[in-house]
Number of protein chains: 2
Amino acid sequence: MESDQVKPDPFNRNCGSRQVIDRIGDRWSVLVVLTLADGQKRYGELAQRIDGVSQKMLTQTLRGLERDGIVTRTVHASVPPRVDYELTDLGRSLLDLVSGLEAWATTHLTEVEAARTRYDGRSER
Amino acid sequence: MESDQVKPDPFNRNCGSRQVIDRIGDRWSVLVVLTLADGQKRYGELAQRIDGVSQKMLTQTLRGLERDGIVTRTVHASVPPRVDYELTDLGRSLLDLVSGLEAWATTHLTEVEAARTRYDGRSER
DNA sequence: CCGCATCCGCAAGGATACTG
DNA sequence: CAGTATCCTTGCGGATGCGG
């Protein structure tokens with residue numbers, strides 16, 4: 001049993017670490033984790049802050065993150081209903097890396113945009 | 001001119017840093033960068049190492065990474081044709097973060113799988 | 001009224017065949 | 001060998017409906 005538990009090669013899609021990479025390499029997951037950086041948030045807040053996410057994908061992403069033990073989902077049985085999402089300890093350890101990505105994006109934004117302009121100009125010439 | 005150049009809020013999809021996050025938060029991009037960690041590779045090598053990637057997505061991902069200045073594409077005009085891909089300096093700076101993700105995945109694999117089992121068992125009960 | 005499950009139209013992605 | 005072109009399938013986004 002556990003026969004799909006191969007060696008930790010992230011390039012083998014049957015390997016667990018590849019599964020994990022697939023999740024955290026998901027655009028919405030990254031953005032959700034980033035949004036939860038400064039404490040717990042309601043579903044609606046997440047939907048509002050993360051521009052362009054559909055309800056379906058947000059729910060789906062949150063379920064996946066919850067399943068992986070990265071966020072907790074707390075339902076308050078009240079009127080109006082309220083559902084809070086918060087990073088777990090595991091989630092916060094991931095946040096360190098993910099906010100590194102955010103920082104990288106901000107830092108190297110100019111370089112990337114310069115490269116894009118260069119690349120795009122090439123084909124038109 | 002440059003009217004979509006808003007403040008560096010990665011949650012605003014019109015913002016440059018969000019665009020960058022969207023690319024590096026892409027599963028195939030992550031895997032390609034990881035594969036190129038130990039030097040330049042040919043197209044076929046990439047296709048072979050990255051399990052489950054289709055030609056279309058590999059080509060598309062490589063084009064995107066090339067456009068963003070993360071990889072270089074070198075065509076050798078020979079028979080048989082040969083195309084090498086290699087990380088740029090920019091790409092290597094990104095690799096540091098991405099290999100951090102890989103390490104995280106490996107380290108916390110057990111926790112994630114435990115969480116999944118717990119979560120899955122919950123709904124069946 | 002908020003969170004989320006469902007249905008449908010469409011675009012992104014996978015598999016295959018073919019070209020330089 | 002490295003791609004492009006062509007299907008066809010999958011899965012997303014948007015709207016709707018409903019339960020708590």
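Worth knowing before you read on, the calculation uses all heavy atoms, side chains too, and leaves out hydrogens, waters and symmetry mates. Lettering follows sequence order; numbering is per chain, from 1.
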With Thr61(B), the side-chain contact (heavy atoms from CB on, under 4.5 Å) member among Val71(B), Leu31(B), Val32(B) = Val32(B)
Does Arg73(B) have a side-chain nitrogen or oxygen under 4.0 Å from the phosphate oxygens OP1 or OP2 of dA2(D)?
-> no
Taking for Gln55(A) and for Pro81(A) the nucleotide of DNA chain D with the nearest heavy atom, the one nearer the 5' end belongs to Gln55(A)
Outer limits of DNA chain C sitting under 4.0 Å from a non-hydrogen atom of chain B, read 5' to 3', are dG13(C) to dG20(C)
With distance as the sole test, does [X] use its side chain to make a donor-acceptor pair with the main-chain N or O of [Y] at under 3.5 Å?
{"X": "Ser99(A)", "Y": "Glu102(A)", "value": "no"}
{"X": "Ser54(A)", "Y": "Met57(A)", "value": "yes"}
{"X": "Asp84(B)", "Y": "Gln40(B)", "value": "no"}
{"X": "Arg18(A)", "Y": "Phe11(A)", "value": "yes"}
{"X": "Glu45(B)", "Y": "Arg42(B)", "value": "yes"}
{"X": "Tyr119(B)", "Y": "Gly64(A)", "value": "no"}
{"X": "Thr88(A)", "Y": "Gly69(A)", "value": "yes"}

Mind calculating the distance between [atom1] ([X]) and [atom2] ([N]) to the nearest angstrom?
{"X": "Met57(B)", "N": "dA2(D)", "atom1": "CE", "atom2": "C1'", "answer": "17 Å"}
{"X": "Asp26(B)", "N": "dC12(D)", "atom1": "CG", "atom2": "P", "answer": "13 Å"}
{"X": "Lys56(B)", "N": "dT6(D)", "atom1": "NZ", "atom2": "C1'", "answer": "9 Å"}

Of Thr59(A) and Pro80(A), the one whose closest DNA chain C nucleotide lies more 5' | Pro80(A)
Before accepting this row, confirm whether a basic side-chain N of the pair Arg92(B)/Asp96(B) lies closer than 4.0 Å to the acidic partner's carboxylate O.
-> no
Remember a base hit wins even if backbone is also touched, and classify Gln60(B) as base, sugar-phosphate or nothing at under 4.0 Å, heavy atoms.
-> sugar-phosphate
With a non-hydrogen cut-off below 4.0 angstrom, is Arg27(B) in contact with a base, only sugar-phosphate, or nothing?
-> nothing
Within residues 37-53 of chain B, the residues having a heavy atom closer than 4.0 Å to DNA chain D are Arg42(B), Tyr43(B), Gly44(B)
If we ignore angles and hydrogens, is there a donor and acceptor under 3.5 Å between the side chains of Tyr43(A) and Thr59(A)?
-> yes
Compute the angle between the rotation axes at the two ends of the helix from dC1(C)-dG20(D) to dG20(C)-dC1(D), each taken over five pairs, rounded to 10 degrees.
-> 40°
Distance from Ile70(A) atom CD1 to Asp89(A) atom CG, nearest 0.5 Å?
-> 12.5 Å
